[in-house]
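If you're wondering where the values come from, they're calculated on a predicted model, not measured in any experiment. The chain is numbered in sequence order, starting from 1.
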Amino acid sequence: MAMTLRLSADEDKALVLLASAWGCSKQEAARRAVVLAAARMLDTAEVQALARDIVPEYRATEARIRQARA
């Protein structure tokens with residue numbers, strides 16, 4: 001689903017930095033940020049699975065957390 005995202009200048013700078021750090025477009029960075037925020041806030045299997053599928057770094061982080069807990 002398409003949408004328009006209006007950002008302040010500071011928010012856009014933050015998004016540019018995030019996209020640069022992830023090596024992706026601003027659009028992809030925004031999508032990843034939404035999924036990661038939902039995964040952190042919502043303890044649902046559906047959101048966790050979405051994060052694993054969309055954000056490669058999430059899968060690695062989740063694996064490290066599970067290993068540390070064991």
Side-chain angles (χ1 to χ4, degrees):
M1 174 173 282
M3 71 176 268
T4 300
L5 180 63
R6 292 177 188 9
L7 301 174
S8 69
D10 288 338
E11 291 164 339
D12 187 62
K13 286 178 189 177
L15 185 57
V16 167
L17 290 172
L18 192 55
S20 178
W22 276 335
C24 64
S25 67
K26 290 183 354 181
Q27 178 182 349
E28 178 65 18
R31 291 177 57 235
R32 287 183 183 188
V34 167
V35 170
L36 288 173
R40 285 188 198 111
M41 293 181 70
L42 306 173
D43 190 24
T44 66
E46 183 180 356
V47 174
Q48 298 295 328
L50 184 61
R52 281 192 293 278
D53 291 345
I54 290 180
V55 185
E57 296 87 358
Y58 184 85
R59 185 185 305 261
T61 300
E62 185 181 43
R64 284 196 312 270
I65 291 169
R66 284 188 179 162
Q67 186 178 26
R69 288 182 179 168

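Other cluster members for Met3: Leu5, Leu7, Leu15, joined by side-chain heavy-atom distances under 4.5 Å among Ile, Leu, Val, Met, Phe, Trp and Tyr.
A search for side chain to side chain donor-acceptor pair (under 3.5 Å) contacts involving Gln27 returns nothing, not counting sequence neighbours. Take Ser8 and apply the side chain to side chain donor-acceptor pair (under 3.5 Å) test, not counting sequence neighbours, and it matches Glu11. A search for side-chain contact (heavy atoms from CB on, under 4.5 Å) contacts involving Ala33 returns Leu18, not counting sequence neighbours. Every residue two or more places apart in sequence or in another chain was checked for a side chain to side chain donor-acceptor pair (under 3.5 Å) with Lys13, and none qualifies.
Minimum interatomic distance between Ala29 and Cys24 (heavy atoms only, all atoms of both residues): N-SG, 3.6 Å.
Evaluation of the salt bridge (charged side-chain N to carboxylate O under 4.0 Å, His left out) test over residues 22-33, restricted to residues two or more places apart or in two chains, returns Asp12-Lys26, Glu28-Arg31, Glu28-Arg32, Arg32-Glu57.
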